[in-house]
Every structure is written in C-alpha cells, then in structure tokens.
Amino acid sequence: MKRFHVKKNDEVVVLSGAHKGKRGRIITVLAKKERAIVEGVAMIKRHMRKSQQHPQGAIVQREGTLHVSNVMQAQKYEARAAKRTSKSA
C-alpha cells in the first residue's frame, strides 16, 4: 500500500490548482487513486435521483477529490512561509 505525507484528519493547505490557498481537514485518502478529499474544498454538485430520502430528487453539494501532491500539512506550510518572510526582512 502506498504511503503519503498526509493522512485522515490532518489540517492541510491546497498548493496549486483552482482551489490554491484554501484550508481544510482531510476526510479520506484514496490510496489507489493517489487522491484526497478535503473538507470544504473542491465542492461539486451531485444530481440525486428520486428516492425515499429525496422524493423530488435533489442537487447535493459534496467535496470532490484533489491529488495528494497538491496538498501540504498546514503546520509545514506556515513554517515555510515564516522562513521565507524572515529571509527577505
């Protein structure tokens, strides 16, 4: 099984892509696909079919996936940012 630099419940920052700079907690890591689901980031709209739970059908918002290379632990990100500002000052 693959091993990643982030795991479930880690606080992360998105490094690149459309959601760059957003922060959230990892809900799950999909090891086979090398992707992670981050709370409140990459929201997608899912059209739900009629069911007992949704008698009229519904459009539900949920989190999409991000590649694990595009996220970094928030603690390391802040340390890196502090290091950069201290060098320029």
> Considering only Ile, Leu, Val, Met, Phe, Trp and Tyr, and joining two whenever side-chain heavy atoms are under 4.5 Å apart, list the other residues clustered with Met48.
Val60
> Quick test of your reading: applying salt bridge (Lys or Arg N to Asp or Glu O under 4.0 Å), list the pairs with at least one residue in residues 48-77, sequence neighbours left out, ordered by first then second residue.
none
> Residues two or more places apart in sequence or in another chain: which of them pass side-chain contact (heavy atoms from CB on, under 4.5 Å) with Gln52?
none
> Keeping to residues at least two apart or across chains, list the salt bridge (Lys or Arg N to Asp or Glu O under 4.0 Å) pairs with something in residues 18-30.
Arg23-Glu78, Arg25-Glu39
> Hydrophobic side-chain clustering at under 4.5 Å (ILVMFWY, transitive links): who's grouped with Val71? Put none if nobody.
Phe4, Val6, Val12, Val14, Ile26, Val29, Val38, Val41, Leu66, Val68
> How long is the straight-line distance from CE of Met43 back to NE2 of His19, given to the nearest 0.5 Å?
10.0 Å
> Could you tell me the separation between the CE atom of Met72 and the CG atom of Leu15, rounded to the nearest 0.5 Å?
5.0 Å
> Taking all non-hydrogen atoms of both residues into account, name the closest pair between Ser69 and His67 and its distance.
OG-ND1, 2.9 Å
> Output all residues satisfying side-chain hydrogen bond (donor to acceptor under 3.5 Å, both in side chains) with Glu11, sequence neighbours left out; order by chain, then residue number.
none
> What residues, two or more places apart in sequence or in another chain, satisfy salt bridge (charged side-chain N to carboxylate O under 4.0 Å, His left out) together with Lys2?
Glu34
> Atom CG in Asn70, atom OG1 in Thr65: separation rounded to 0.5 Å?
10.5 Å
> Report, as yes or no, whether the 6.0 Å neighbourhood of atom CD on Gln61 holds more than 12 heavy atoms from other residues, nucleotides or ligands.
yes
> Who passes side-chain hydrogen bond (donor to acceptor under 3.5 Å, both in side chains) against Thr28, sequence neighbours left out?
none
